[in-house]
Amino acid sequence: MAKPLNVLFLSSEVEPFAKTGGLADVSGALPQVLKSIGVEVRVMLPRYGSINERRAKLHEMIRLKEIEVPVGQKRYEASVKSSFLTSAHDKVQVYFVENSHFFARSGIYVHPDTKKDYADNDERFIFFNRSAFEILKRMGWAPDIIHCNDWPTGLVPAYLKTVYKNDPFFKETRTVFTIHNMAYQGTFPKASFEKSHLPTELFARDGVEAWGKLNFLKAGLVFADAITTVSEKYAEEIRTSEEIGAGLQDILERRKKDLSGILNGVDYTQWDPALDTFLAHRYDAKSVDLKVENKKYLLEKMRLPFQERTPVIGIISRLADQKGFDLINEILDDIMKLDVQMVILGTGEKRYHDLFEKAAKKYPRQIGIALTFNNELAHLIEAGSDMFLMPSRYEPCGLNQIYSLRYGTVPIVRATGGLDDTIEDFTGTSGTGFKFTNYSSVELLKAIQRGVHAYAEQAAWKKLMRTGMAKDFSWESSARKYLHLYRSVAKK
Ligand code: ADP
């Protein structure tokens, strides 16, 4: 038996403690599955003000206090509280990095009211990245792998290869960097680079600089021992498409042999209509007729009239450009003519809030909106909708379309990234959803029309639902791919 690997899983979002999107789902689920296959994994995230001490069951860690971390000209103190991730799998230890100056506020990246980035996000995440090393040293736990996720952890591989290069404590430590979204890079002016205490020569094109700025994501891509992203298709797109590679495709091309795609899984303890504790009417493929009770309940909650044969199209999304709302905007009136209802849950950019508020006013019997973040409602929409709409411009993996499959909620998606990898186009006899290829509202409308048309054929529709419900995207096989990758990196 190989000796167990020690892995620190570093993330800025971990469900159920802090979440804005799919990164949190992954960080809350994958470590538990890794643990169940023998990896000694622990998770670390910042302790944001929104994380309630009692609800998160935080415990003091007596030895992990007053740990000094340099940021700019000052030294700040980190302390650590701990809790666990516990579901059906094994218990995973979670460390919360505390510093009231940086993290005692409710937002993760943006101010909840103004929706603007916090002005000191550079210092907040420099602090988080650097404190990981100092905390590990104080703990006396040197992981074989630090698994970093997205820009908020991007400086860690750079620190390991420079500031901590000759530190015997980290002699065996390697890094894996997972890209959950290339579009968010964590870019800051040169002055922020100086606050990081990385060696001056790193502020260069083959280092952490891009277009004259410090780029956290680039730091991760240049210095990590291995890079992954969350679907195979996206792994290819970020290397080959200028738009999707978001300016960093050259580095990815250069690092091609170290880059792989590992599809996200689903935590079916959370996202399965047979087990879902948010639902009054649980169902599975055999009792799929009960789904309509969830539809009734959802429509009532959204103050929309219930008409059994009118299809309900659900959307659960960050309201960001990435998600294709400009396409929906262009054809909203045409969609409404199809005699459908829409339920939209989301929060994000103001212009999309305005768009959906206006739409709901114009079509009060057809469009219901909740422009907020609400996990319970997300579950009710998965269960109560007939179709799920995700016309993304690009999509690293996407989770809601995979959740939708299990809920018998047929996805309508654009064939990009993980959406393309997880949904098969309905041909009349096989497939799991409706796909369109070009980023065009005409094509989107056609896909919705195909969906509405298919919905009218009740028997065929039920078969389509059941085909999706039978798909299995559980974490196990992807977790084994990560384990394999960890081993190959740790051996180097
Ligand atoms: P992304 O990571 O780009 O936001 P994903 O589809 O990978 O997209 O993951 C989104 C996750 O966030 C899903 O679990 C989804 O249910 C959740 N989510 C997004 N917006 C909301 C919201 N307004 N309320 C509740 N959950 C949300």
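Computed over heavy atoms, backbone and side chain alike; hydrogens, waters and symmetry mates excluded. Whatever order the structure lists them in is the order used to number ligands and atoms, beginning at 1.
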Which N or O atoms of ligand 1 sit under 3.5 Å from a protein N or O, and how far apart is each pair?
unit_1	atom_1	unit_2	atom_2	d
ligand 1	2 (O)	Gly22	N	2.7
ligand 1	3 (O)	Arg318	NH2	2.8
ligand 1	3 (O)	Lys323	NZ	2.8
ligand 1	4 (O)	Arg318	NE	2.7
ligand 1	6 (O)	Leu399	N	2.9
ligand 1	7 (O)	Leu399	N	3.4
ligand 1	8 (O)	Lys323	NZ	3.2
ligand 1	9 (O)	Gly22	N	3.1
ligand 1	14 (O)	Lys19	NZ	2.9
ligand 1	14 (O)	Asp25	OD1	3.4
ligand 1	14 (O)	Asp25	OD2	2.8
ligand 1	16 (O)	Asn400	OD1	3.3
ligand 1	16 (O)	Asn400	ND2	3.3
ligand 1	23 (N)	Thr372	O	2.8
ligand 1	24 (N)	Asn374	N	3.0

For the residue pair Arg450 and Phe426, would you count it as a cation-pi contact if the rule is NZ or CZ under 6.0 angstrom from the ring centre and within 45 degrees of the ring axis? no

Aromatic Phe84 / basic Lys91 pairing, under 6.0 angstrom, 45° off normal
yes

| said: Go through it in stages, so that I can follow the logic: the residues are Glu443 and Thr437, the test is side chain to side chain donor-acceptor pair (under 3.5 Å), and I'd like the CA-CA distance, side-chain angles, deciding distance and then a yes or no. | reply: CA-CA 8 Å; Glu443 284 203 23; Thr437 303; 4.8 Å; no

Practice prompt. Assess the side chains of Thr409 and Lys291: does a donor N or O sit below 3.5 Å from an acceptor N or O?
Written response: yes

message = Whether Arg130 engages the ring of Tyr159 as a cation-pi pair (distance to the six-membered ring centre under 6.0 angstrom, angle to the ring normal within 45°) should be assessed.
response = yes

Sequence neighbours left out, cut at 3.5 Å: what donor-acceptor pairs do the side chains of residues 369-378 make with other protein atoms?
unit_1	atom_1	unit_2	atom_2	d
Asn374	OD1	Glu376	N	3.1
Asn374	OD1	Leu377	N	3.0

